[in-house]
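Notes for the one structure printed next.
Below, read A as the first sequence line, B as the second, and so on, with proteins coming before strands; counting in each chain starts at 1.
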Amino acid sequence: GDSVTQMEGPVTLSEEAFLTINCTYTATGYPSLFWYVQYPGEGLQLLLKATKADDKGSNKGFEATYRKETTSFHLEKGSVQVSDSAVYFCALTEGAQKLVFGQGTRLTINP
Amino acid sequence: NAGVTQTPKFQVLKTGQSMTLQCAQDMNHEYMSWYRQDPGMGLRLIHYSVGAGITDQGEVPNGYNVSRSTTEDFPLRLLSAAPSQTSVYFCASTRRAVNYGYTFGSGTRLTVV
């Protein structure tokens with residue numbers, strides 16, 4: 001079946017540092033790709049998405065580009081803040097009904 | 001506030017007990033799903049529904065039942081709780097297809113002793 005592999009965590013950065021969280025996928029079709037964020041004690045929130053190759057999703061300073069040739073959807077942010085500390089999940093659609101998630105990457109930003 | 005509401009937030013069960021985790025959404029979403037979250041494993045799909053009266057199994061359905069009698073509600077039943085079902089459970093909903101992006105509830109933390 002389809003799968004998502006994320007960069008191992010935890011990731012610890014200083015405030016204002018550049019962030020990259022790697023995500024690669026294996027899929028038989030042409031999935032939509034997502035990044036979700038989970039703040040402590042909360043459910044997941046959709047951060048951004050891309051539905052076809054070369055699309056760039058963006059939200060709250062985060063960006064990710066759907067790269068079909070490298071089967072990747074890496075999450076980037078130019079200058080992180082303490083409030084960005086959370087767990088980040090990469091996911092893809094499998095068929096019309098299912099989401100397949102990566103294992104999550106815990107990000108901690110120190111002031 | 002519109003969204004996905006899960007109850008209870010916390011629950012402790014003894015092995016062999018049964019219980020129902022409640023999930024309700026008020027956004028008129030057709031698709032609803034249940035996921036469990038375990039450390040280092042991301043979220044895994046338990047059951048899903050594409051509309052009232054229609055349910056199907058996900059990746060890890062054993063030990064769980066669901067039904068969808070209304071668009072709004074999608075309860076998850078644990079038939080005979082086992083320690084392996086200790087997890088955080090999330091309900092999620094979306095419009096007609098998952099590529100719109102799911103709205104998640106805040107979760108139920110279940111411990112089976």
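There is no path of hydrophobic side-chain contacts, each under 4.5 Å, that joins A:I21 to A:L46. In the hydrophobic clustering of this structure, A:V100 does not group with B:F104; members are Ile, Leu, Val, Met, Phe, Trp, Tyr whose side-chain heavy atoms approach within less than 4.5 Å, directly or through other members. A:L107 and A:Y36 end up in different hydrophobic clusters when Ile, Leu, Val, Met, Phe, Trp and Tyr side chains are linked at under 4.5 Å.
The local environment of CD in A:Q81 is crowded, with over 12 non-hydrogen atoms from other residues, nucleotides or ligands closer than 6.0 Å. Enclosure of atom CD in A:E15 by more than 12 non-hydrogen atoms of other residues, nucleotides or ligands within 6.0 angstrom is indicated.
Neither the backbone nor the side chain of A:Q45 comes within contact range of chain B; no heavy atom of the residue lies under 4.5 Å from a heavy atom of that chain. Of the two parts of B:L45, only the side chain, counted from C-beta on, holds a non-hydrogen atom closer than 4.5 Å to a non-hydrogen atom of chain A. For B:E59, no part sits under 4.5 Å from any heavy atom of chain A, backbone or side chain.
For B:Y102 (side chain) and A:L44 (main-chain N/O), no donor-acceptor pair under 3.5 Å exists by modelled atom type.
A:F101 contributes atom CZ, which lies 9.0 Å from atom CD of B:Q37 (distance to the nearest 0.5 angstrom).
With a 4.5 Å cut-off on side-chain heavy atoms, A:K98 and B:Y31 do not count as touching.
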